[in-house]
Amino acid sequence: VNAIIIFGVSYYWSKWTFKLFKPYKWQEKVNLKRLQKGIEKVERRDKDKVRTYTFWYLLEYLDESQIEGSLICAGIENTTIPLLMRLQNNERDMVIVDPFENKNEIVEHENCNGEITKEKKQIDFVKFDDLSKREEFAMNTSIISGRICDEIVKVDKPMAFVEIDSVSFDDVYTSLVHVYAHLAKGGVIVVHDYNHIWTEVKAAVDKFQMSVPESFIPIADSYGSVV
């Protein structure tokens, strides 16, 4: 009996909370069935809803404002953001650059109470073959394996939306300098992990920001992105 009660409470609690705090524009498109196919599934699976909705709004803004240019992923941790970018507009050219390698390294974790712990573990990043075989990336998408700061400078095309996800100073700074020079008017750059434990990310963004008139704005997602 207790197990049944616990299951029932858990089920209805998750169902109830799942329906709370969705952006109006998002929910309106869901109700009218006007979301691009597959995007709602991405949203359901991503725990960081603030990030998902923010990226979606930015991509919507680009389409509604008819800002032309490519979609760029300079580093990926998982498939959530690349999928969201690809599904939102599958007609834009898209470039994904990442080393696609696992590493044994010291990883810092920030718990919900703010306590930081360290452990040595293997980080299983997205594999090149797994990504390249996905149907969503079969058209208008170039997937490049290599060091981000070496490969991103070879991407020579107008850019509308750029997502930078690396904890290396060289990767972040080199990407910022290069993509800014190719950014379409009204285009968007998002950098992950700025307001977090990765000091090299903050140092790279701060250095770059001193050389341009624009300022980055923080996003309240779990890893402290800026846009």
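Being a predicted model, the structure only gives us computed values, none of them experimental.
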Novice: Quick one: closest heavy-atom pair of L62 and F161, and the distance?
Specialist: CD1-CB, 3.5 Å
Novice: Output the distance between atom CD (E151) and atom CZ (R147), rounded to the nearest 0.5 Å.
Specialist: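 One finds 10.5 Å between CD of E151 and CZ of R147.
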Novice: Is the backbone of I76 close enough, under 3.5 Å, to the side chain of D98 for a donor and an acceptor to pair up by distance?
Specialist: yes
Novice: Run the salt-bridge test on K25 and E28 with the 4.0 Å N-O cut-off and return the result as yes or no.
Specialist: no
Novice: When you measure from the side chain of Y61 to the backbone of G186, do you find a donor-acceptor pair of N or O atoms at a distance under 3.5 Å?
Specialist: yes
Novice: Quick check: are there more than 12 heavy atoms from other residues, nucleotides or ligands sitting under 6.0 Å from CD of E214?
Specialist: yes
Novice: Any chance the side chains of D46 and T80 put a donor and an acceptor closer than 3.5 Å?
Specialist: no
Novice: When you measure from the side chain of S65 to the backbone of I67, do you find a donor-acceptor pair of N or O atoms at a distance under 3.5 Å?
Specialist: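 The answer is no, because no donor-acceptor pair under 3.5 Å joins these two groups.
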Novice: Looking at every non-hydrogen atom in both residues, tell me the closest pair between D221 and V50 and how far apart they are.
Specialist: N-CG1, 3.8 Å
Novice: Assign the ring pair Y173 / F169 to parallel, tilted or perpendicular, where the plane angle (0 to 90°) is split at 30° and 60°.
Specialist: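 Taking F169 first and then Y173, their aromatic rings lie parallel (interplane angle under 30°).
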Novice: Using 0.5 Å steps for rounding, measure from the CE atom of M159 to the CD1 atom of I189.
Specialist: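 It is 9.0 Å, given to the nearest 0.5 Å.
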Novice: List the atom of C73, the atom of M94, and the distance in Å for their closest heavy-atom pair.
Specialist: SG-CE, 3.9 Å
Novice: Roughly how far, to the nearest 0.5 Å, is CG of N89 from CD of E60?
Specialist: 10.0 Å
Novice: Say whether, by atom type as modelled, one donor and one acceptor occur between the side chain of E40 and the main chain of V30 under 3.5 angstrom.
Specialist: no
Novice: State, with a plain yes or no, whether a side-chain heavy atom of W26 is found less than 4.5 Å away from one of W56.
Specialist: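 Contact flag for W26/W56 side chains = yes.
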Novice: Could you state whether Y57 and I39 fall into the same hydrophobic cluster, counting links through intermediate Ile, Leu, Val, Met, Phe, Trp or Tyr residues with side-chain heavy atoms under 4.5 angstrom apart?
Specialist: yes
Novice: Answer yes or no: is there a side-chain heavy-atom contact under 4.5 Å between I144 and K154?
Specialist: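 When only atoms from C-beta onward are counted, K154 and I144 do not touch, as no gap falls below 4.5 Å.
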Novice: Distance check, rounded to the nearest 0.5 Å: L87 atom CG versus Q36 atom CD?
Specialist: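 L87 CG to Q36 CD: 8.5 Å, rounded to 0.5 Å.
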Novice: Does the side chain of V167 reach to within under 4.5 Å of the side chain of E200, using non-hydrogen atoms?
Specialist: no
Novice: Just how far is it from atom CD of E163 to atom CD1 of I96, taken to the nearest 0.5 Å?
Specialist: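 Answer for the CD-CD1 pair, E163 versus I96, is 9.0 Å.
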Novice: If Ile, Leu, Val, Met, Phe, Trp and Tyr residues are connected whenever their side-chain heavy atoms lie under 4.5 Å apart, and connections chain through other members, are V205 and M210 in the same group?
Specialist: no
Novice: Looking only at non-hydrogen atoms, find the nearest pair between D171 and S166 and report the distance.
Specialist: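 Closest pair (atom of D171, atom of S166, distance): OD2-OG, 3.0 Å.
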Novice: What's the shortest heavy-atom distance between N195 and P218, and which atoms?
Specialist: ND2-CB, 3.7 Å
Novice: How are the rings of F128 and F100 set relative to one another: parallel (under 30°), tilted (30 to 60°) or perpendicular (over 60°)?
Specialist: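 F128 vs F100 ring planes: perpendicular.
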Novice: Below 4.0 angstrom, N of the basic side chain to O of the carboxylate: do D206 and K202 qualify?
Specialist: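 Answer for the salt bridge query: yes.
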Novice: Any idea which heavy atoms bring H192 and S225 closest together, and the distance?
Specialist: ND1-OG, 3.3 Å
Novice: For residues Y223 and H196, establish whether the separation of their ring centroids is below 6.0 Å.
Specialist: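 For Y223 and H196, the ring centres are under 6.0 Å apart.
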Novice: Taking the side chain from R92 and the backbone from G69, do they hold a donor-acceptor pair closer than 3.5 Å?
Specialist: yes
Novice: State which residue, out of L59, V162, D93, V95, fulfils the side-chain contact (heavy atoms from CB on, under 4.5 Å) condition with L71.
Specialist: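 That would be L59.
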Novice: Do Y53 and E43 meet the criterion of a side-chain donor-acceptor pair at a distance under 3.5 Å?
Specialist: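 Yes, a side-chain donor-acceptor pair sits under 3.5 Å.
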Novice: Within the 4.5 Å heavy-atom criterion, are L83 and R134 side-chain neighbours or not?
Specialist: yes
Novice: Please tell me whether I143 and M139 are part of a single hydrophobic cluster in this structure, the criterion being side-chain heavy atoms less than 4.5 Å apart.
Specialist: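 Per the 4.5 Å side-chain linkage, I143 and M139 are not co-clustered.
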Novice: Looking at E64, I'd like to know if its CD atom is crowded, meaning that more than 12 non-hydrogen atoms belonging to other residues, nucleotides or ligands lie closer than 6.0 Å.
Specialist: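 Atom CD in E64 is packed in, count exceeds 12.
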Novice: Working to the nearest 0.5 angstrom, can you tell me the gap between Q209 CD and K207 NZ?
Specialist: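 Result: 14.0 Å between the selected atoms.
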Novice: According to a hydrophobic-cluster definition based on side-chain heavy atoms being under 4.5 Å apart (Ile, Leu, Val, Met, Phe, Trp, Tyr only), do I81 and I217 belong together?
Specialist: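 Yes: a chain of side-chain contacts under 4.5 Å links I81 to I217.
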Novice: Side-chain donor-acceptor pair under 3.5 Å between R86 and T141, yes or no?
Specialist: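 Their side chains do contain a donor-acceptor pair, which is all the 3.5 Å distance test asks for.
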Novice: Is there a donor-acceptor pair closer than 3.5 Å between any side-chain N or O of D48 and the backbone N or O of S222?
Specialist: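 Yes, the answer is positive, given that a donor and an acceptor are paired below the 3.5 Å cut-off.
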Novice: Looking at N140 and N90, would you say the former's side chain and the latter's main chain have a donor-acceptor pair under 3.5 Å?
Specialist: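 A pair under 3.5 Å: yes.
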